[in-house]
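Just below is one structure, and these are the notes that go with it.
Order of the sequence lines sets the chain letters (A, B, ...), proteins ahead of strands, with each chain counted from 1.
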Amino acid sequence: MPPKSPKTIHIRYYAMLKERRGCDHETVKTMARTATELYEELTRLHKFKIPHVTLKLAINDEFFDWNTEINEDDCISFIPPVAGG
Amino acid sequence: MFTLSDEPIDSEGLRKSMQTASAGALVVFEGHVRDQNEGRSVTRLDYEGAAELAGNEFGKIADEVMQKFDITQIRCVHRVGTLAIGDVAVWIGVTAPHRGAAFDACRMVIEELKARLPIWKKEFYTDGDSGWLNSP
């Protein structure tokens, strides 16, 4: 079986996570299989203090479970606790 | 049905756009920026939102509300950007043949919006401090 190649994933950050990361979007190459694995990878790189369980996950502008597998060119948004209205 | 806007909300214009001959009731909710929160004096709010996701999620909220109540139309505009004290942050209008359903539906819309929509607000205080609400 040929080794899997890294996936290109587009990421969007908001609110306090955007401030922590220092940008509102980036594109990464990752071997992560799920959104959880991707967030853990980013946490190690950027020292995020917010655990993924506190966030919601959106893929291509719909909410999904954290264990959802991510695919090439997916747009992932990490959604901090909301405060609209 | 749902808009994130960086322009001031035209409450009167929105109200007029909702009126139809079949709607006996129009209930409007306006959320305004308060000058204090949890004992702290607020000078301004910065709102941020994820537009596409918010639109999609609001569509789901609207479907749920329309399943539950006999209403005609829902319209919502939420601000993003910097807001001053007194500014309208969110406008919700619901029309229905009768007032009971309009009141109940409008309440459900704002409650679900606050719980689910990807919108955030950062408060700025008179002591120079600031912070994102509900920050973990």
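Transitive grouping of hydrophobic side chains (ILVMFWY, heavy atoms separated by less than 4.5 Å) brings Leu83(B) and Ile119(B) into a common cluster. Residues Phe58(B) and Val80(B) share a single hydrophobic cluster, defined by chaining ILVMFWY side chains whose heavy atoms lie under 4.5 Å apart. Taken together through direct or relayed side-chain contacts under 4.5 Å among Ile, Leu, Val, Met, Phe, Trp and Tyr, Val77(B) and Leu113(B) form parts of separate hydrophobic clusters. Both Ile11(A) and Met16(A) are members of a single hydrophobic cluster when ILVMFWY side chains are connected at heavy-atom separations under 4.5 Å. Connection of Ile110(B) to Leu4(B) is established within a shared hydrophobic cluster, with ILVMFWY side chains joined at heavy-atom distances below 4.5 Å, either directly or through further cluster members.
If you measure heavy-atom distances from Leu117(B) to chain A, the contacts under 4.5 Å come from the backbone alone. For a residue to count as touching a neighbouring chain, one of its non-hydrogen atoms must lie under 4.5 Å from one of that chain's; by this rule Ala51(B) does not touch chain A. Heavy atoms closer than 4.5 Å to chain B are found in the side chain of Ala58(A), but not in its backbone. Only the side chain of Ile50(A) comes within less than 4.5 Å of a heavy atom in chain B; its backbone stays farther off.
Across Ala83(A) and Leu133(B), no two heavy atoms sit closer than the pair CB-CB, 3.8 Å.
In Arg15(B), the CZ atom is crowded: over 12 heavy atoms of neighbouring residues, nucleotides or ligands sit closer than 6.0 Å. Within a 6.0 Å sphere centred on CD of Gln67(B), heavy atoms belonging to other residues, nucleotides or ligands number 12 at most. Counting heavy-atom neighbours within 6.0 Å of Phe64(A) CZ, excluding the residue itself, gives a total above 12.
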Note each donor-acceptor pair with a separation under 3.5 Å, taking one atom from chain B and one from chain A.
from      : atom 1 : to       : atom 2 : distance (Å)
Tyr47(B)  : OH     : Gly85(A) : O      : 2.7
Glu48(B)  : OE1    : Lys18(A) : NZ     : 3.2
Glu48(B)  : OE2    : Ala15(A) : N      : 2.9
Asn56(B)  : ND2    : Asp61(A) : O      : 2.8
Lys60(B)  : NZ     : Glu62(A) : OE1    : 2.7
His78(B)  : NE2    : Gly85(A) : N      : 2.8
Lys114(B) : NZ     : Gly84(A) : O      : 3.4
Ile119(B) : O      : Ala83(A) : N      : 2.8
Ile119(B) : O      : Gly84(A) : N      : 3.3
Trp120(B) : NE1    : Pro80(A) : O      : 3.0
Trp120(B) : NE1    : Pro81(A) : O      : 3.3
Lys121(B) : NZ     : Ala83(A) : O      : 3.1
Lys121(B) : NZ     : Gly85(A) : O      : 2.8
Lys122(B) : NZ     : Glu19(A) : OE2    : 2.6
Trp132(B) : NE1    : Glu19(A) : OE1    : 3.1
Trp132(B) : NE1    : Glu19(A) : OE2    : 3.2
Asn134(B) : ND2    : Val82(A) : O      : 2.7

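Per-residue heavy-atom pair counts under 4.5 Å with chain A were compared for Ala115(B), Ala89(B), Ala50(B), Gly131(B), and the maximum is reached by Ala50(B). Among Ala54(B), Cys76(B), Gly31(B), Pro136(B), the residue with the largest count of heavy-atom pairs under 4.5 Å with chain A is Pro136(B).
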